[in-house]
Amino acid sequence: MTSKIEIDKERCKGCGLCTISCPKEAIRIGEEINRQGYLFVVWDDNGSCTGCAICGEICPDVAIKVWKDTKK
């Protein structure tokens with residue numbers, strides 16, 4: 001099963017809640033600034049994401065979507 005997350009960089013305020021909640025440490029604060037002037041988070045697709053969706057649930061700005069592919 002593969003998982004991925006999608007981050008809406010324009011909604012993200014870079015609060016970092018998702019970075020500290022990710023059990024695989026696959027999300028980090030990026031180095032780019034969005035139109036609102038915030039450093040937004042980025043996902044390091046290193047294959048460790050389990051699709052647990054903790055990041056999406058904790059995001060106060062609903063800027064993260066989690067996708068799980070359950071096909072074998």
Side-chain angles (χ1 to χ4, degrees):
M1 170 173 38
T2 59
S3 301
K4 70 174 192 169
I5 66 170
E6 182 181 316
I7 299 166
D8 183 342
K9 68 180 185 179
E10 297 306 327
R11 291 188 80 142
C12 178
K13 293 184 195 152
C15 69
L17 290 174
C18 58
T19 64
I20 60 174
S21 67
C22 178
K24 299 296 184 178
E25 298 178 353
I27 305 171
R28 63 178 172 79
I29 301 289
E31 298 176 4
E32 293 183 53
I33 297 174
N34 64 15
R35 284 187 265 161
Q36 296 182 54
Y38 296 109
L39 290 170
F40 55 90
V41 297
V42 293
W43 176 51
D44 291 326
D45 184 11
N46 58 11
S48 67
C49 181
T50 62
C52 69
I54 294 172
C55 57
E57 291 179 20
I58 202 164
C59 180
D61 297 306
V62 194
I64 301 174
K65 293 181 184 175
V66 179
W67 305 93
K68 284 173 97 170
D69 183 7
T70 56
K71 297 177 186 175
K72 289 185 179 183

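Just the heavy atoms: all of them, side chains too, but no hydrogens, waters or symmetry mates, feed the values below.
- We find the CD1-SG distance between I5 and C22 to be 7.0 Å, quoted to the nearest 0.5 Å.
- In plain terms, the two heavy atoms of R11 and A63 that are nearest each other are CB-CB, 3.8 Å.
- Minimum heavy-atom separation, P60 to L17: CD-CD1, 4.0 Å.
- In terms of hydrophobic clustering, with Ile, Leu, Val, Met, Phe, Trp and Tyr side chains grouped at heavy-atom distances under 4.5 Å, I29 and I7 are assigned to a common cluster.
- A donor-acceptor pair under 3.5 Å is formed between the side chain of N34 and the backbone N or O of Q36.
- Using a 4.5 Å heavy-atom threshold, the side chains of T50 and K24 count as touching.
- With rounding to the nearest 0.5 Å, the separation of CD1 in I20 from CD1 in I27 is 11.0 Å.
- Rounding to the nearest 0.5 Å gives a distance of 14.0 Å between CG of D61 and CZ of F40.
- In this structure, the side chains of W43 and C49 come closer than 4.5 Å at one or more pairs of heavy atoms.
- Smallest separation of non-hydrogen atoms from V66 and A53: CG2-CA, 3.7 Å.
- Heavy atoms of other residues, nucleotides or ligands lying less than 6.0 angstrom from CD of E25 number 12 at most.
- The heavy-atom pair separating C18 from I64 by the smallest distance is CB-CD1, 3.8 Å.
- Salt bridge present: R28 and D44 bring a charged side-chain N and a carboxylate O closer than 4.0 Å.
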